[in-house]
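First the proteins, then the strands, lettered A, B, ... as listed; each starts at 1.
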Number of protein chains: 2
Amino acid sequence: MLNVPTALARPDRLSDSLYRALETRIRAGSIQPGEKLPSEKQLAFEFAVSRAVVREAMSRLKAEGYVESRQGAGAFVTPRPGAAIFRLSRSGPRAPGTLSEVFELRLIVEGEAAALAALRRRAGDLADMRSHIDNMERALGLGEDATMADDAFHRAVAQATGNALVGRFIEFLGGHLSESRAPTWSAEGHAQGRAHAAADEHRRLVDAIAAGDAARARAVARAHVLRAAERLGLSLPVTGPTQQNTNDAIEET
Amino acid sequence: MLNVPTALARPDRLSDSLYRALETRIRAGSIQPGEKLPSEKQLAFEFAVSRAVVREAMSRLKAEGYVESRQGAGAFVTPRPGAAIFRLSRSGPRAPGTLSEVFELRLIVEGEAAALAALRRRAGDLADMRSHIDNMERALGLGEDATMADDAFHRAVAQATGNALVGRFIEFLGGHLSESRAPTWSAEGHAQGRAHAAADEHRRLVDAIAAGDAARARAVARAHVLRAAERLGLSLPVTGPTQQNTNDAIEET
DNA sequence: ACTCATAAAGTTGTCCGACAACCTGACCAC
DNA sequence: GTGGTCAGGTTGTCGGACAACTTTATGAGT
């Protein structure tokens with residue numbers, strides 16, 4: 001019997017349990033926005049834990065935007081609890097259908113970002129992208145890891161959109177998919193030509209952006225993401241279960 | 001002199017300061033991923049605070065995915081610190097250029113979500129949207145607040161995409177823009193016909209989705225978001241500073 | 001010299017008690 | 001009624017203590 005090195009589930013910390021209990025109460029509306037939570041002393045008694053545990057749970061609730069506390073007054077549920085942060089996985093790290101959903105979101109944002117970049121890129125942006133592609137191919141020629149150069153390239157594209165928020169979001173999505181790039185940039189992927197193929201796609205993307213051709217940039221970027229999804233064995237129903245609409249087909253070309 | 005009820009800045013809690021100090025160290029790479037943080041006792045001495053303060057700062061760092069701790073071993077920086085969550089505002093709540101960036105991101109995602117909904121909607125989804133529009137117009141007729149119905153409608157659209165992640169992200173973005181909808185649904189907006197205009201836009205959107213016309217659904221949704229931005233006095237450079245590309249114009253129609 | 005069990009030291013998790021800083025509401029004097 | 005004062009409750013911070021656990025060092029046995 002072979003075991004995947006799964007981090008074995010440790011017994012929960014008390015503060016984790018309490019955090020989940022309170023988070024559930026708030027999400028369920030059992031404690032409404034603006035309402036005051038029970039005092040720390042009361043919660044400590046209610047859950048039979050020490051006040052230190054309560055304070056740690058509260059600290060986490062505060063960090064995630066569920067509650068705010070005022071010294072002397074108490075702790076209150078925020079107007080829109082939990083709306084301050086966005087996580088990919090609500091709780092479980094790796095649900096089955098989740099990964100394809102992430103790729104679909106990435107498909108949307110990276111495609112539009114490429115289109116925006118084509119419309120707004122400045123000369124410096126193009127120079128950056130090209131220099132990163134050069135670095136990438138140099139690394140590939142030496143058989144080194146080109147992951148860093150790949151990262152830098154995508155950052156340069158995001159930078160060219162002129163929208164820092166879009167750039168940060170793309171980076172956020174990409175960070176959760178680092179495993180997905182392994183088959184491309186690993187030694188194996190390099191030997192099988194996947195790395196060079198990816199580098200070619202990058203060149204086509206920067207060409208479209210340089211030409212100011214938003215539609216082509218979007219198509220190339222989407223194809224790039226789709227290819228990455230395919231390498232993981234994911235089938236994205238991009239066109240949906242129904243037949244593709246003819247009006248929409250124009251830009252998917 | 002009239003004062004806006006601005007929540008006056010209170011002096012920072014000690015744990016907040018310590019949190020920022022550690023977060024900065026980690027972001028700057030001063031403590032590398034995988035590395036072990038100083039022990040709680042050491043940090044307490046170093047910053048001249050009690051261990052309770054240190055533990056609260058650590059609790060927040062853990063909640064936001066910067067560090068993980070193992071009892072008996074110590075606390076370690078995660079492989080990709082801070083990559084677990086996404087926030088709109090890195091620190092300051094309301095930077096000037098930020099709002100338009102949020103709207104642009106919303107433009108992208110809501111537009112594509114509408115297109116996806118047009119391709120994948122099921123009969124039940126359409127029924128939901130229409131019933132929420134009915135609720136909305138009924139509320140408008142009675143002069144009541146239609147904000148809830150508006151929320152429900154947008155949720156139904158997101159639901160029709162078949163991608164729960166996209167739905168959650170749209171909701172996340174929308175939650176940060178609740179103020180932006182006030183001028184639409186307020187009594188004033190109602191009197192000036194903005195509320196009914198928005199309702200009309202909703203009808204056009206559901207028509208496009210029902211027809212399976214992805215391009216039209218996207219265009220209507222984007223126009224809807226643009227209108228909301230205009231009401232806030234934002235000018236989104238959608239087509240970029242340069243002239244719009246002809247290839248891209250096809251789908252913007 | 002090597003292996004393996006054991007002990008020791010260090011670290012995080014939890015508990016307790018105490019006081020300071022602060023807010024709220026009731027009470028009281030005017 | 002107005003304004004000030006005070007008492008009680010609540011969060012923020014401190015200090016010490018012990019339990020649960022991990023890592024490292026130690027030493028016995030082979």
Would you kindly give the [atom1]-to-[atom2] distance between [X] and [N], to the nearest whole Å?
X	N	atom1	atom2	result
B/Leu18	D/dC14	CG	C1'	15 Å
A/Arg55	C/dC15	CZ	P	15 Å
A/Glu68	D/dG12	CD	C1'	16 Å
A/Phe76	D/dT11	CZ	P	9 Å
A/Lys41	D/dT10	NZ	P	7 Å
A/Met58	D/dT10	CE	C1'	11 Å
A/Gln71	D/dT13	CD	P	7 Å
B/Glu40	D/dC21	CD	P	17 Å

Among the nucleotides [options], which one has an atom lying closest to any side-chain atom of [X]?
X	options	value
B/Ser39	D/dT13, D/dG12, C/dT12	C/dT12
B/Arg13	D/dG12, C/dT11, C/dT14	D/dG12
B/Val49	D/dC14, C/dT14, C/dT11	D/dC14
A/Ala52	D/dT11, C/dC15, C/dG13	C/dC15
B/Arg70	D/dT23, C/dG13, D/dT11	D/dT23

Handout entry: B/His224 side chain to B/His202 side chain, donor-acceptor N/O pair below 3.5 angstrom
Key = yes
Problem - Modelled atom types, side-chain donor and acceptor of A/Arg60 and A/Tyr66, under 3.5 Å - result: no
Handout entry: Flag, side chain of A/Ser59 to backbone of B/Glu56, donor-acceptor distance under 3.5 Å
Key =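 A pair under 3.5 Å: yes.
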Handout entry: NZ/NE/NH1/NH2 to OD/OE distance under 4.0 Å, A/Arg87 and A/Glu64
Key = yes
Problem - Toward the 5' end of DNA chain D, by each residue's nearest nucleotide, A/Gly72 or A/Lys62 - result: A/Gly72
Practice task
Indicate, yes or no, whether a donor-acceptor pair under 3.5 Å links the base of D/dG16 to the side chain of B/Arg51.
Solution key: no
Handout entry: D/dC14 phosphate, OP1 or OP2, under 4.0 Å from B/Ser50 side-chain N/O
Key = yes
Handout entry: Presence of B/Ser69 side-chain N/O under 4.0 Å of C/dG13 phosphate oxygens OP1/OP2
Key = yes
Exercise for the section: Any chance you could measure A/Met129, atom CE, to A/Met136, atom CE, to the nearest 0.5 Å? Expected result: 12.0 Å
